[in-house]
Amino acid sequence: MIQFGDFQLHLIQESMTQMDCGGAFGLVPRALYSRLYPVNDETNKVPMPSNVLLLQTGTQNILIDSGNGSKIPEKLREHFQLEYPHGTLDDALSRLGLMPADIHLVINTHLHNDHCGDNTRVDERGQIVPTFANAEYVTQRREFEDASRPNERTRATYLADNFAALVASGQMRLLEGDADLATGVRGVVTPGHTPGHMSVMLESGGQQGLFVCDLASFALHFERLAWMTAYDVEPLVTLESKRKWQAWALETNALLFFPHDAVRPVGRYMQVEGGKAAVVGVEVEYS
């Protein structure tokens, strides 16, 4: 647990996958990233957890992203080597004395399956139902529109079962750009990974934070403007988005949360020896 002003923050590793290096690092030469991030030389894969953040404000339990969930077909589980090293998201909530029904708000940074797969589940009748029955869900309208009309490149990760029923029932609210979501919690559009991608700013007790999400999947991506995944729909837009948020993070000493980093899931972007800026990892235990 991280005490962040008046907030309590709990980093949860919802699941772990092993992803091809070409997806995780795109055009970056292997000779560069392999010195800085663990690579399985036999499979050419790197570990990519799905980290989600539970924010407790004192009056609300807010979940930022929901991870892969349990609806993934067995064939894809095997392909991605999907595992739950710390148990399921339900298990993590239980360790904190909570149930899915206790979540008040779910913030979907974007609608790729590894970030919203546990929005819904299959019940005993085989029906898709909300995982968090009492929660409001939010995402950007542009993201929903793109997810609702996937193309050949995006249809494998934009899965309607994760969000369509929530929008139809009114349980998911579509945002029109930057929006205050709770006191000290603000969704900010950070395009590039997808046009409607959103990060989440946190502010409490004079502290600043950012759930970076896939603006920079790894801390390495945040440090290096030209480094990004092959999954980014608009990579040059990602670069400029990162330039803006690098400057903000350096100025505010913000606590940064990276969704897929197995080495530095939490850190601060600051000046280090030699005058350069880098993400300095902050030691944190998963809840």
Side-chain angles (χ1 to χ4, degrees), residues 19 21-29 32-33 36-37 48 51 53 64-65 107-112 114-115 138-147 149-151 153-154 157-158 174-181 185-203 208-261 264-272 275-280:
M19 302 299 287
C21 292
F25 286 103
L27 296 175
V28 181
L32 296 181
Y33 66 72
L36 302 169
Y37 198 81
M48 288 189 70
N51 299 324
L53 190 66
I64 304 178
D65 282 347
I107 303 172
N108 285 150
T109 60
H110 59 303
L111 295 175
H112 286 172
D114 57 328
H115 292 266
V138 296
T139 198
Q140 289 292 325
R141 180 177 297 277
R142 171 62 191 272
E143 182 68 14
F144 170 71
E145 291 173 350
D146 288 345
R149 297 189 297 272
N151 57 31
R153 186 175 183 212
T154 62
T157 191
Y158 278 146
L174 301 179
L175 306 174
E176 307 281 357
D178 297 355
D180 291 325
L181 304 175
V185 183
R186 182 170 176 80
V188 290
V189 180
T190 49
H193 185 66
T194 70
H197 181 276
M198 176 171 62
S199 302
V200 183
M201 289 179 63
L202 308 173
E203 182 176 5
Q208 301 276 351
L210 186 71
F211 189 82
V212 179
C213 207
D214 282 337
L215 169 65
S217 299
F218 299 163
L220 284 171
H221 295 139
F222 194 83
E223 293 171 330
R224 294 158 171 81
L225 291 178
W227 289 29
M228 59 199 70
T229 72
Y231 311 123
D232 287 38
V233 175
E234 300 175 316
L236 296 183
V237 176
T238 297
L239 190 153
E240 295 305 328
S241 292
K242 287 197 293 183
R243 191 191 308 277
K244 170 185 174 180
W245 289 96
Q246 271 188 352
W248 174 85
L250 194 61
E251 179 182 352
T252 61
N253 193 38
L255 194 63
L256 306 174
F257 296 87
F258 300 101
H260 297 302
D261 200 314
R264 287 177 292 170
V266 182
R268 299 183 190 274
Y269 186 67
M270 59 180 62
Q271 298 287 345
V272 295
K276 295 183 178 180
V279 175
V280 177

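Between Glu145 and Arg142 there is no salt bridge, since no side-chain N of the basic residue sits under 4.0 Å from a carboxylate O of the acidic one.
At distances below 3.5 Å, not a single donor-acceptor pair connects side-chain atoms of Thr154 with backbone N or O atoms of Pro150. No donor-acceptor pair under 3.5 Å is formed between the side chain of Glu143 and the backbone N or O of Thr194. At distances below 3.5 Å, not a single donor-acceptor pair connects side-chain atoms of Ser241 with backbone N or O atoms of Thr190. Of the possible polar contacts, none joining the Asn108 side chain to the Thr139 backbone as a donor-acceptor pair under 3.5 Å is found. Between the side chain of Ser217 and the backbone N or O of Asp214, no donor-acceptor pair lies under 3.5 Å. Using a distance-only test at 3.5 Å, with no hydrogens or angles considered, a donor-acceptor pair links the side chain of Gln140 to the main chain of Gly177.
Between Phe218 and Trp227 there is no side-chain heavy-atom pair separated by less than 4.5 Å. When side chains are defined from C-beta on, Leu256 counts as touching Tyr269, because their heavy atoms get closer than 4.5 Å.
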### Message
Could you walk me through whether Asp65 and Phe211 satisfy the side-chain contact (heavy atoms from CB on, under 4.5 Å) test, starting with their C-alpha distance in whole Å, then the side-chain angles of each, then the deciding distance to 0.1 Å, before giving a yes or no?
### Response
CA-CA 10 Å; Asp65 282 347; Phe211 189 82; 3.7 Å; yes
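Taking a 6.0 Å sphere around CD of Glu251, one finds it holds 12 or fewer heavy atoms contributed by other residues, nucleotides or ligands.
Under the 3.5 Å distance criterion, with hydrogens and angles disregarded, a donor-acceptor pair is assigned to the side chains of Asp114 and His260.
Among Lys276, Arg268, Arg264, the one residue that satisfies the salt bridge (charged side-chain N to carboxylate O under 4.0 Å, His left out) test with Glu223 is Arg264. Put simply, the residue from His110, His221, His115 that forms a ring-ring contact (aromatic ring centres under 6.0 Å, His included) with His193 is His110.
When all heavy atoms of Pro195 and Val189 are compared, the pair lying nearest together is O-CG1, 4.1 Å. Minimum interatomic distance between Leu255 and Val266 (heavy atoms only, all atoms of both residues): CD1-CG1, 3.7 Å. For the pair Cys213 and Met198, the tightest heavy-atom approach, listed with the atom from each and the gap, is CB-O, 4.2 Å. Shown here for Ala216 and Phe258, the closest heavy-atom pair between the two residues is O-CD2, 3.3 Å. Scanning all heavy atoms of the two residues, the minimum distance from Thr238 to Leu215 falls at CG2-O, 3.8 Å.
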